[in-house]
Amino acid sequence: MEKPKPVTQAAKILALAAVVLLVCVPFLVILSTSLASQREVIANGGWVLWPTDPTLKAYEDILDGGIVTHALGVSAGVTVIGTLLSLACTVTLAYALSRPGVFGGRPVLLLVLFTFLFPPGMIPSFLLVKELGLLDSYASLVLPVLVNVFNLVVLRGFFQGIPEELYEAARLDGAGDWRVLWSVVLPLSKAALAVVGLFYAVAYWNSWFYASLYLESDHWPLQQVLRTYVVAGSGITDTTTGEATVNAPQTVQMAVLVIATVPILLVYPFLQKYFTKGVLTGAIKS
């Protein structure tokens, strides 16, 4: 390959810098606004790029109230438990559907793909959750979306790409299906598992629609609280005290937005090497 020309390198640098600015500047504005005083926010027309007198009052207000801290715990619990359960179910089902000769494998695969092409509507899903007695239960945020068909297809394809000789060698050593899955398949699938796990975690963390359908306000996760603060621009009634919070000012809205965004961002650096490898897996065939 020829060495790129200086003009080409300069164009790439400018394009990369523009993308970085488009990503970082909005987040910087949100963070700065959350650290600014309400008076400074009003004086600057609602947004602050760099606060002159940073303060943590907005974070103290939302964390002292108990609503956001409880919602943060709900989101963390649902994300961790939901991701682990979804990974366990997706891995086992994908492994079973990836092996040739499994009894009923093709009908089950067609049934799974049918749900991907024709997803249930909101009303049938609500009626099913209601009949199962899951209303106002955290299980309603996990069980209806326990297995994502796209993630299932991705893992199934990855398992099918593992050389058949490895399966046969494990069988000759006397390993059963669970042993093959645990000792052969999973160690070779760390990259794919990291990608699918990250997809599940982001989906659970960002989920708010099901919470608005199935849960009362005292059980809301963080994203639903964030929607109430930022989109509706109002506070939430604390069911433990019966007191209603006042309309959320701009600083409080941005502080809740930062709290809702930062935790999931902190997960990515630990999965970056697996994520990059998993995304590129299968893109280039030797």
Side-chain angles (χ1 to χ4, degrees), residues 4-65 67-69 71-72 75-76 79 194-195 197-209 211-212 220-236 245-280:
K5 298 179 180 179
V7 177
T8 304
Q9 288 183 326
K12 291 180 179 179
I13 293 174
L14 290 176
L16 182 60
V19 172
V20 171
L21 289 176
L22 288 174
V23 174
C24 294
V25 170
F27 187 78
L28 177 61
V29 170
I30 293 173
L31 180 61
S32 299
T33 304
S34 68
L35 295 175
S37 62
Q38 185 63 20
R39 180 180 301 177
E40 185 178 3
V41 172
I42 296 175
N44 287 272
W47 301 100
V48 177
L49 183 59
W50 194 263
T52 57
D53 187 17
T55 176
L56 297 176
K57 186 178 185 306
Y59 293 93
E60 294 174 356
D61 290 342
I62 60 178
L63 294 178
D64 289 343
I67 299 175
V68 175
T69 53
L72 182 61
S75 291
T79 300
V195 173
L198 186 60
F199 286 164
Y200 274 125
V202 172
Y204 280 118
W205 182 263
N206 290 334
S207 178
W208 63 269
F209 182 70
S212 65
W220 277 353
L222 185 59
Q223 299 301 330
Q224 180 61 16
V225 174
L226 171 65
R227 181 180 182 275
T228 303
Y229 271 113
V230 177
V231 178
S234 60
I236 302 174
T245 60
V246 296
N247 290 346
Q250 187 82 349
T251 55
V252 173
Q253 295 178 14
M254 296 303 103
V256 177
L257 186 58
V258 171
I259 293 177
T261 306
V262 169
I264 200 66
L265 290 179
L266 297 178
V267 177
Y268 179 77
F270 298 99
L271 300 177
Q272 182 179 7
K273 60 178 181 179
Y274 298 112
F275 185 80
T276 304
K277 182 180 178 181
V279 169
L280 296 178

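- Sorted by first then second residue, the salt bridge (charged side-chain N to carboxylate O under 4.0 Å, His left out) pairs that include residues 24-39, not counting sequence neighbours, number zero.
- Taking Val29 as the reference, Val25, Thr33, Trp47, Leu49 meet the side chain to side chain contact (heavy atoms under 4.5 Å, CB included) condition, with sequence neighbours excluded.
- With rounding to the nearest 0.5 angstrom, the OG atom of Ser212 is 8.0 Å from the CH2 atom of Trp220.
- Side chains of Cys24 and Leu28 form no contact here, defined as non-hydrogen atoms less than 4.5 Å apart.
- Thr251 places no side-chain N or O within 3.5 Å of a backbone atom of Ala58 that could act as its donor or acceptor partner.
- Under the side-chain hydrogen bond (donor to acceptor under 3.5 Å, both in side chains) criterion, Thr79 pairs with no residue, sequence neighbours left out.
- Atom CZ of Arg227 and atom CZ of Phe209 lie 9.5 Å apart (nearest 0.5 Å).
- In this structure Lys57 satisfies the side-chain hydrogen bond (donor to acceptor under 3.5 Å, both in side chains) test together with Asp61, sequence neighbours excluded.
- Considering only heavy atoms from C-beta on, Gln9 stays 4.5 Å or farther from Lys12 through its side chain.
- Counting heavy atoms from C-beta on, the side chains of Pro221 and Trp208 never come closer than 4.5 Å.
- The side-chain hydrogen bond (donor to acceptor under 3.5 Å, both in side chains) search around Glu40 returns Thr52, not counting sequence neighbours.
- Note that the CG atom of Leu226 and the OG1 atom of Thr261 stand 7.0 Å from one another [nearest 0.5 Å].
- Note that the OG1 atom of Thr55 and the CG atom of Leu35 stand 8.0 Å from one another [nearest 0.5 Å].
- Shown here for Ala260 and Leu222, the closest heavy-atom pair between the two residues is CA-CD2, 3.5 Å.
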Next on the checklist: Go through it in stages, so that I can follow the logic: the residues are Phe27 and Leu257, the test is side-chain contact (heavy atoms from CB on, under 4.5 Å), and I'd like the CA-CA distance, side-chain angles, deciding distance and then a yes or no.
Outcome noted: CA-CA 10 Å; Phe27 187 78; Leu257 186 58; over 6 Å; no

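- The side-chain hydrogen bond (donor to acceptor under 3.5 Å, both in side chains) check on Ser34 picks up Tyr59, with sequence neighbours excluded.
- Ser207 approaches Gln223 most closely through the heavy-atom pair O-CB, 3.7 Å.
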